[in-house]
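A short write-up of the structure that comes next.
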Amino acid sequence: MTTHTARETDLLLDGIRAFIEAAHVRTDPDSCLNYGRDWTRLYAPNPLAIVLPGTIEQVQQLVRYANEHRLALVPSGGRTGLSGAAVACRGEVVVSLERMNRILDFDPVDRSLTCQAGTITETLQNFAREQGLYYPVDFASRGSSQIGGNIATNAGGIKVIRYGVTRDWVTGLKVVTGRGDLLDLNRGLIKNTSGYDLRHLFISSEGTLGIIVEATLKLTRPLREPSVMVLGVPDLDSIMAIYGLLHDKLELSAFEFFSELALRHVLQKGLHRPFEEETPYYVLTEFENPDERHTEEALALFEHCMEQGWLSDGVISQSETQAKELWRLREDISESISEHQPYKNDIAVRISRVPALLTEVDALLTREYPDFEVLWYGHIGDGNVHINILKPKDLESAVFAKKCGAVSEHLFAILQRHGGSISAEHGVGLTKKPYLHYTRDETEVGYLRAIKQAFDPNGIMNPGKIFD
Ligand code: 2HG
Ligand code: ZN
């Protein structure tokens, strides 16, 4: 990375101000702090400047200018990421899409909308609802994450079991490549077998190939009267036994879990226990419950699980308000533990491998972390588990990170044997970069590099993220 003198920086930024209004080229300390980091809080933000283009043409001009002057760019959405992919800690120019936040088009026949990349997830969810439709990719950061960032990370969330991940809802993308070319990819088509689908390369590319500027997204019909159950479960094995049964018999839209230790953190923030009894684990499941017959079926399954000893207590929502309250027990965990500077793992295996993986990982973590608080939660119905290790107050951050990093090597070796991924939905960014080889072998990474070279020959797009 080239470092610039103050004079050189001024000249470089003046060059940008020639095509983007001066008010949208910022260098004040507040902006540098806010736009230079994501939710990881692990890296000291140090951007050269923050640029907020308002049009696709301005994005193109900026990318061309960056190529000319070998300026590194970090595309930036809502910066709710957890892997450091949107962090600017090495003098990069942050390109925030937040001014490009309009829904441009909606078509009820296609059941699809087109929006600018800076559109907030919740804005488009609400827009879909107003049309009697549903955008089902959903997660706790819906109020600040942006669709461009969701696509660049291939975000998953809490409804994947039923609806899949972001990738499954993107039918078109406009992107400015690292060369400054504008590509209009797939144009909302459902069927299109005209060769390589470049749209999919940009999904999950973490800003390393170019900048997503517009997206066309599919919508679907809303859930019919969803109900939420929270179940108290004695052990990890029972969770998957319950999953097998409910997945077969109910129209599930979520199957999440969390541990008692994780629950205690949201209780400290003012939420209430779902029921009196404490159990080591909890399942939160959501299912369509439009009539009596569905309710009776759910209750019968609950009884059956009780008889099998797979659960010991439970509650079913009686209203939308109660359903929302129950959801908070799961959704608020991540935020409630952030003050403990957790070391995060976001692992995935095929669902059939979950029980074996959990047994091995549980043994590893018990052995390696006798003194640390280890929290389990996540989207277990998708084979995706979040393991958060909380930093003891008196332990230095660097020592803590080193210890957790060393345990990760063991964890990922187990994961590799099960054919899993080191990142299910948070991305590789900076935090998981050292471990990429557990999921992608050298030959495969060689192909990733070749793709990067084709789209970004000068290496200006989010350098140092995913791989070096
Ligand atoms: C969630 O599922 C998010 O709550 C955050 O993906 C996970 O904090 C985490 O590790
Ligand atoms: Zn998650």
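Both ligands and their constituent atoms are indexed starting at 1 by order of listing.
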Have [X] and [Y] got a donor and an acceptor in their side chains that come within less than 3.5 Å?
{"X": "Ser408", "Y": "Tyr343", "result": "yes"}
{"X": "Glu277", "Y": "Ser312", "result": "yes"}
{"X": "Tyr435", "Y": "Glu409", "result": "no"}
{"X": "Asn388", "Y": "Tyr377", "result": "yes"}
{"X": "Thr216", "Y": "Thr114", "result": "yes"}

Legend entry - Glu425 OE2 and His379 NE2 subtending at the Zn ion (ligand 2) (10° steps):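 Rounded to 10°, it measures 90°.
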
Legend entry - From Glu331, Arg330, Glu256 - option closest to atom 2 (O) of ligand 1 by heavy atom: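 When every heavy atom of Glu331, Arg330, Glu256 is considered, Arg330 comes closest to atom 2 (O) of ligand 1.
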
Legend entry - Cation-aromatic face contact Arg79/Tyr35, 6.0 Å, 45 degrees: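 Positive - Arg79 is close enough to the ring of Tyr35 and near enough to its axis.
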
Legend entry - Under 3.5 Å: N/O of Asn345 near N/O of ligand 1: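 No, there is no polar N/O contact under 3.5 Å.
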
Inset, instruction - May I ask you to say whether Arg162 pairs ionically with Glu286, meaning some side-chain N is under 4.0 Å from a carboxylate O? - result: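 Looking at Arg162 and Glu286, the cut-off is not met.
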
Legend entry - Side-chain ion pair, Glu331 and Arg142, N-O less than 4.0 Å: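 Counted as a salt bridge, because a side-chain N and a carboxylate O are separated by less than 4.0 Å.
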
Give the contacting part of [X] toward ligand 1: side chain, backbone, both or neither, where contact means a heavy-atom distance below 4.0 Å.
{"X": "Phe139", "value": "neither"}
{"X": "Ile158", "value": "neither"}
{"X": "Leu82", "value": "side chain"}

For [X], the ligand 1 atoms whose distance to one of its heavy atoms is below 4.0 Å:
{"X": "His379", "value": "2 (O)"}
{"X": "His386", "value": "1 (C), 2 (O), 3 (C), 6 (O), 7 (C), 10 (O)"}
{"X": "Glu425", "value": "2 (O), 6 (O)"}

Inset, instruction - Specify the protein heavy atom at minimum distance from atom 9 (C) of ligand 1: its residue, its atom name, and the distance to 0.1 Å. - result: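 Its nearest protein heavy-atom neighbour is Tyr377 OH, 3.0 Å.
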
Inset, instruction - Provide, to 0.1 Å, the distance between atom 6 (O) of ligand 1 and the closest protein heavy atom, together with that atom's residue and name. - result: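 Heavy-atom neighbour on the protein nearest atom 6 (O) of ligand 1: His426 NE2, 2.8 Å.
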
